[in-house]
Amino acid sequence: MSATITVRHGETQVDLDAGATAIQALKALDAIRGQIVAALVDGAEWDLDRPVPDGAEVAGLYADTDQGRAVLRHSTAHLMAQAVTDLFPGAKWAIGPPIEDGFYYDFEVARPFTPEDLDAIEARMHELAKQRQAYVREEVAREDALAEFAEQPYKLEIISLVDEGKIVSAVDVAADGEDGAAGAPTFTVYRNVRPDGEVAWSDLCRGPHVPSTERIPAFKLLRSAGAYWRGREDQPMLQRIYGTAWESKKALTSHLEMLAEARKRDHRKLGRELELTHHPDELGPGLSIFLPNGAIVRQQMEDWIRAETLKRGYQPVYTPHIAKEDLWQISGHLENYAELMYPGMDLDDGERSSSEHANRRGAAYRLKPMNCPFHILAFTSRTRSYREMPIRISELGTVYRYERSGVVNGMLRARGFTQDDSHIFCRDDQVVDEVYDCVQFARDLYEAFGLGEPSRVAISTRPEKSLPGNDEGWDAAEQALIQAVERTGLPYETDPGEGAFYGPKIDIHARDAIGREWQLTTVQIDFNLPERFDVSYIGQDGAKHRPYMVHRALFGSIERFFSVMVESFNGAFPTWLAPQQVRVVPVAAEFDGYATSVADALRAREVRVEVDVSDGTLGAKVRDAQTSKVPFTLVVGGSEAESGTVSIRRYGTDKQRKDVPLDDFVTEVVAEIAERRANAPG
RNA sequence: GCCGAGGUAGCUCAGUCCGGCAGAGCAACCGCCUUGUAAGCGGUCGGUCAGGGGUUCGAAUCCCCUCCUCGGCUCCA
């Protein structure tokens, strides 16, 4: 055992007494550059007060980085658990990891938490934080951990799960074998210790943590909700409290403002206010009516995708909303997917089985949850040759899925929705190209609709519960997806085991105007249906071959994408998408005639325009045009009528361009629409 | 499906704790007013208080069931 150790930070290197901590090392290396919460030792997260090994590369982990915030939030979760333990004696605690933008902790308590409870817990957390408790790491043997947490069944279960090697990588805990004998892992416990040395609270936890509660600058509890232990429905339901924590009060405030902004932009709220959509209770959960304003926006989306699919060699089809159960038998949906399908329409009941309906006996029908079987029938409508591949069947297909009642969420998760659905049948040698084209198509779509580049591309590989056999097929398909994505140059990640049972897939996400991420596009390879429907084409060798089937939806769901548009643009659509593009406001009734002629000139060029002939004041009419988020308001009165001009006010500004010749405005707005211009020049 | 919070006029919400005539603002409608960029004035209409059952002299209010919405869990486009 050497008396000194050497530590490094980049090019810098110093010798320290053995047992020096990470913070001492960083100080000696002069490597602290901000609000430090923990260290990175050879890349591993490390408590500042924990001794570093000889030869280590040491760096600081800072509060204003994602990784640093995660440490901060994890420590805040402990603080919250301590407060809950204080206020709810007997509470059992489960896990409390950091998550994106915050943290949670799950508890078993006698009754669910109320909003008042959250206030009380938060207040208690502030008191505890003021005590300047230190987070002290301790390694304990397995049996000591078992003894210490004898009253905490969930912690005991975590220990046994670690024993079984099931959750070594769980966020909250890790078996740490480095100091123990081989095969006898030690566990880490973090103790919150008051300045007088009294232990306030302890938790089994992997860490690391901030050195002291005074290093938690700003936090807030947000909501409570039920959550199954270990995320499994057969496990007890615990009470989860969500909170958030940040490196400064300012950062917390701006996060809370973002949440408030998101609530303001909620597509259900804007859908009502702007008369885009309607969801009356009589209609049923997860179903939507597109009112005229929303329908126009949707038609722009549909027009775009129809035109682009044609350009890119897709062939349109139309298929019915229902089909005989036979079809769903062949497809396997009744076998694998019945839970998510609406019940069958029984055409065989007493009233209908009179003689005139006798021929309908046995003909039970089902609403379609997917379009694939129909597209396969389109493909198999005649014999196909290798020469005509790939065949890209395309449809805006509305599907109905009986989603469990608790998961329906506005138009983001609906029971009836429309996919811009395509199934591409191709030869082995065409798969990579086809998948590549799909991803590029998705990029063009995001660009056109103002979402920029994808924020995340994830390739999901074969899950445990997948169709048996066809190992080469799976491997080849996964490789094809990877190759295709690599060719696009987009960064991607892989989600091992997250693919569908019938094939691997690519999911593409995009970020909206306020930074939220949405899963939109999916590109999947299906090995199941081509087998079930015995899909084939005749190859050059004259023999039958099984084509690859690539399933892709770029918008994903039209309803979901529409909602993302509403929320991202805050209802203020770019002119080409806006339900109403121009509002003409006469300053007094005597100019209604000129206002109408202005509108006619615009309408002749297919601009969506209305004249406000109500008898309100000018101020009220302008206000109404602004709250309706119409891109252009044209105010016209005597001077405009005389000179054939308009006064232009753009949405969101209080400036006007006066005396613009009508023809000039028409030319401008028509060009803006034709170019689908995203950014409105002031 | 599970846990929690909700549902009052077209919209936003008071009233519910502690049972006693169902309210406000906006919108709509009618009238008055009529030239310059975010709400002119007055009036009228509008309700099975989500639905059903129960307790009570009396229920928006208390209890039970159902439906629907929201926040989560799980699942997913």
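Per chain, numbering begins at 1; letters A, B, ... match sequence-line order. Because the structure is a prediction, the values reported are computed rather than measured.
The listed nucleotides are B:U34, B:G71, B:A77; the one nearest the side chain of A:Glu403 is B:A77. Taking the side chain of A:Thr627 as heavy atoms from C-beta on, and the options B:G72, B:A38, B:U34, the nearest nucleotide is B:A38. Distance from the side chain of A:Gln239 is smallest to B:C3 among B:U37, B:C3, B:G1. Across B:G1, B:U37, B:A38, the shortest atom-to-atom separation from the side chain of A:Glu233 is found for B:G1.
For the segment residues 512-520 of chain A, residues with any heavy atom less than 4.0 angstrom from an atom of RNA chain B are, sorted by number, A:Gln519, A:Leu520. Interface residues of residues 503-510 of chain A facing RNA chain B, ordered by number: A:Lys505; criterion, heavy-atom separation under 4.0 Å. In the region residues 556-564 of chain A, proximity to RNA chain B at under 4.0 angstrom, judged on heavy atoms, holds for A:Ser557, A:Arg560.
Side-chain atoms of A:Tyr228 stay outside donor-acceptor range of the base of B:G72, with no qualifying N/O pair under 3.5 Å.
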- Message: Base contacts versus sugar-phosphate-only contacts with protein, heavy atoms under 4.0 Å: please encode nucleotides 65-70 of chain B as B, S and - from 5' to 3'.
- Response: ---SSS
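Listed by chain and number, the residues in a side-chain contact (heavy atoms from CB on, under 4.5 Å) with A:Ala513 are A:Arg265, A:Ser568 (sequence neighbours excluded). Partners of A:Trp304 under the side-chain hydrogen bond (donor to acceptor under 3.5 Å, both in side chains) rule, at least two apart in sequence or in another chain, do not exist in this structure. Applying the ring-ring contact (aromatic ring centres under 6.0 Å, His included) test to A:Tyr502 and every residue at least two apart in sequence or in another chain returns nothing. For A:Asp119, the side-chain hydrogen bond (donor to acceptor under 3.5 Å, both in side chains) test picks out no residue, with sequence neighbours left out. Under the rule for a ring-ring contact (aromatic ring centres under 6.0 Å, His included), the partners of A:His551 that lie at least two apart in sequence or sit in another chain are A:His423. Here A:Pro579 pairs with A:Leu276, A:Asn293, A:Val297, A:Phe573 under the side-chain contact (heavy atoms from CB on, under 4.5 Å) rule; sequence neighbours left out.
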Nucleotides 40-43 of chain B: which of its N/O atoms have a protein N/O under 3.5 Å away?
| unit_1 | atom_1 | unit_2 | atom_2 | d |
| --- | --- | --- | --- | --- |
| B:G40 | OP2 | A:Thr617 | OG1 | 2.8 |

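Contact annotation for A:Thr633: no contact, since no heavy-atom pair falls under 4.0 Å across all strands. Among the atoms of the strands shown, base atoms are found under 4.0 Å from some heavy atom of A:Arg413. Residue-level contact check: A:Ala414 touches the bases, meaning some heavy atom is under 4.0 Å from a base atom. Contact annotation for A:Gln235: no contact, since no heavy-atom pair falls under 4.0 Å across all strands. The residue A:Gly231 sits close only to the backbone: its heavy atoms come under 4.0 Å of sugar-phosphate atoms, none of a base. Contacts of A:Thr114 with the nucleic acid, taken as non-hydrogen atoms under 4.0 Å apart, are absent. Residue-level contact check: A:Arg223 touches the backbone only, with heavy atoms under 4.0 Å from sugar-phosphate atoms and none from bases. The residue A:Thr521 sits apart from the nucleic acid: no heavy atom pair falls under 4.0 Å.
Proximity of A:Tyr242 to the phosphate of B:C73: a side-chain N or O atom is located under 4.0 Å from OP1 or OP2. At the phosphate of B:A77, OP1 or OP2 sits under 4.0 Å from a side-chain N or O atom of A:Gln524. Using a 4.0 Å cut-off, some side-chain N or O of A:Arg272 falls inside it from OP1 or OP2 of B:U12. Taking side-chain N and O atoms only, A:Arg649 has a distance below 4.0 Å to OP1 or OP2 of B:A38.
Going from atom CG of A:Leu618 over to atom P of B:G36 covers 8 Å, rounded to whole Å.
Sorted by first then second residue, the side chain to side chain donor-acceptor pair (under 3.5 Å) pairs that include residues 610-624 of chain A, not counting sequence neighbours, are A:Arg583-A:Asp624, A:Asp612-A:Ser614.
B:C64 and B:C18: their P atoms are spaced 15 Å apart (whole Å).
Scanning all heavy atoms of the two residues, the minimum distance from A:Val584 to A:Pro586 falls at O-CD, 3.6 Å. Considering every non-hydrogen atom in both A:Phe591 and A:Val636, the closest pair reads CB-O, 4.2 Å.
Side chains of A:Glu517 and A:Ser455: a donor on one and an acceptor on the other come within 3.5 Å.
Electrostatic pairing of A:Glu640 and A:Lys658 does not count as a salt bridge here, judged by no charged N lying under 4.0 Å from a carboxylate O.
Across all strands shown, B:G1 forms a Watson-Crick or G-U wobble pair with B:C73, both key distances being under 3.5 Å.
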